[in-house]
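Note that these values count all heavy atoms, side chains included, but never hydrogens, waters or copies made by symmetry. All values reported here derive from a predicted model rather than from experimental measurement. We name chains A, B, ... by the order of the sequence lines, and we start the count at 1 in each one.
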Number of protein chains: 2
Amino acid sequence: MTLDLEEHVAEAPKMGRKRDHTRDAEILEATIDVLAETGYDGMTIDMVAARAKAGKATVYRRWASKGEMVIDAIACMKQSDVDFSNLPDTGTLRGDLIAMIKPPTIEDAERKLQVMGGLVSMLARSPELAEAARLAIVEPRASVNRFLIQRAIDRGEISPDCDIDTIVLVGPSMAAHRVLLLRKPVDREFLISVIDGVVLPALGIRA
Amino acid sequence: MTLDLEEHVAEAPKMGRKRDHTRDAEILEATIDVLAETGYDGMTIDMVAARAKAGKATVYRRWASKGEMVIDAIACMKQSDVDFSNLPDTGTLRGDLIAMIKPPTIEDAERKLQVMGGLVSMLARSPELAEAARLAIVEPRASVNRFLIQRAIDRGEISPDCDIDTIVLVGPSMAAHRVLLLRKPVDREFLISVIDGVVLPALGIRA
DNA sequence: CATATCCGATACTCGCTAGTTCCGAATCGC
DNA sequence: GCGATTCGGAACTAGCGAGTATCGGATATG
């Protein structure tokens, strides 16, 4: 009870939080945090309110139920997506894929997978949530892979005959499996094994 | 106390149920069923008891808590493993992998994945459960793949330089991803895509 | 300062579920 | 058949969490 007062150092010049954040967004971020740590079923509104330094009533003034709040939180995760104009362009597919392995990117990915893990049991009960989660978590990663592979095809690095739709899911699937089922970290070594041991060979690039 | 007298014979040809099943096993099977359908958090002892046509008290006479019952149920799933002497041996790796795609096998796999999905949120809270689930669900499938690939190496069909440990997880990972995150069926078409589009190419076998 | 508004906190209600207890009935060992 | 045991069912307790209502205080405005 009365858990962490971990960081209300951080001054907080009166009521202000970040200007560009509405109170709603702060609560949704707290929702994502709790979701990643305890999962949907283990999450309580009180936990979210406490983490956002808000009252439970404040939460219910904005969303009608726990379920709606979570769907909103997932949907707003999508905004933190990578933008395609900032992707690496090293000249080789391997270079691009390796360049994707950098702290902010993989930590963000691991966090998203933790959230997804907390939602799994709910996906069957709420198709709406399932779709929101797919759009926010699964699709972005696959899209990046598809883009990088397509560019490699365009420059003639790999054959256009490969099964792109299946291959773009190799990385995301194995990362999800490792985090959610094996509960091991998705570290650089693992990702390089997937790239060099599966993805590139499958595309006809021998190590 | 509450020591299991796990196998007081079998018998009981009375009106009973399956002959070769003790009451414990029946309850554990019901547990697995409910787990697959509603997940750990959604599962109630009453659901399990009702499905096993038992009283709640009967359940608590055998296990001290819901958690212990589930761990027992998962552990006993392991017994339905494939035995290696019954694996296909068609002469080619592709033939073997395709031969694994048959109704009883893939339905069993899909069911195991549903159970795993219902456990995901609990794995973080119970390392004991996580280990039981890994042994019962993840490991058997990887072992079969490892065996088939090793045999292909031994007969000279594929190079011994491939990253076996990573490749054996491609199928299980992508199947889990599809069932749990995408909520699509693991059908024959999908599995063939994985085999022909990823696994075999990654092993140097061009389609 | 006065007023209207929104916030955080607290204290409820209500339903649900883990776990317990009890009892009549069915079953087993003999 | 006849006790001893176990079973299924149901009633009960206790605690937790969603959702609601209320209230004192802080903010904004003029």
Nearest-angstrom distance from the residue atom CE of B/Met43 to P of C/dA18: 8 Å

Interatomic distance, B/Lys53 NZ vs C/dA25 P [rounded to whole Å]: 22 Å

Show me the side-chain donor-acceptor pairs of residues 176-184 of chain A shorter than 3.5 Å, one per line, residues at least two apart or across chains.
residue	atom	partner	partner atom	Å
A/Arg178	NH1	A/Pro185	O	2.6

OP1 or OP2 of D/dG8 under 4.0 Å from side-chain N/O of B/Arg23: yes

C/dG8 phosphate, OP1 or OP2, under 4.0 Å from A/Thr58 side-chain N/O: yes

Verdict with reasoning, A/Arg151 to A/Asp96, per salt bridge (Lys or Arg N to Asp or Glu O under 4.0 Å): CA-CA 10 Å; A/Arg151 196 167 61 189; A/Asp96 292 347; 2.8 Å; yes

Sugar-phosphate, base or nothing in reach of B/Met69, heavy atoms under 4.0 Å: nothing

Side chain to side chain donor-acceptor pair (under 3.5 Å) evaluation trace for B/Asp41 with B/Ser121: CA-CA 8 Å; B/Asp41 296 292; B/Ser121 64; 3.0 Å; yes

Minimum heavy-atom distance B/Met116-B/Ile137, with the two atoms named: SD-CD1, 3.9 Å

Nearest heavy atoms of B/Pro201 and A/Ala202, plus distance in Å: CB-O, 3.5 Å

Please list, for nucleotides 19-22 of chain D, all pairs of protein and nucleotide N/O atoms separated by less than 3.5 Å.
residue	atom	partner	partner atom	Å
D/dG19	OP2	A/Tyr60	OH	3.0
D/dG19	OP2	A/Lys66	N	3.0
D/dG19	N7	A/Lys56	NZ	3.1
D/dG19	O6	A/Lys56	NZ	2.6

Nucleotide C/dC16, atom P - distance to CG of A/Asp41 in whole Å: 16 Å

Lys/Arg N to Asp/Glu carboxylate O, B/Asp24 vs B/Arg61, below 4.0 Å: no

Rounded (10°) bend between the five-pair end axes of the helix from C/dC1-D/dG30 to C/dC30-D/dG1: 30°

Polar side chain donor-acceptor pair, B/Ser85 to B/Asp83, under 3.5 angstrom: yes

Stepwise salt bridge (Lys or Arg N to Asp or Glu O under 4.0 Å) test for B/Asp108 and B/Lys102: CA-CA 10 Å; B/Asp108 176 68; B/Lys102 53 179 199 285; over 6 Å; no

Atom-to-atom span, CD1 of B/Ile27 to P of D/dT6 - whole angstrom: 14 Å

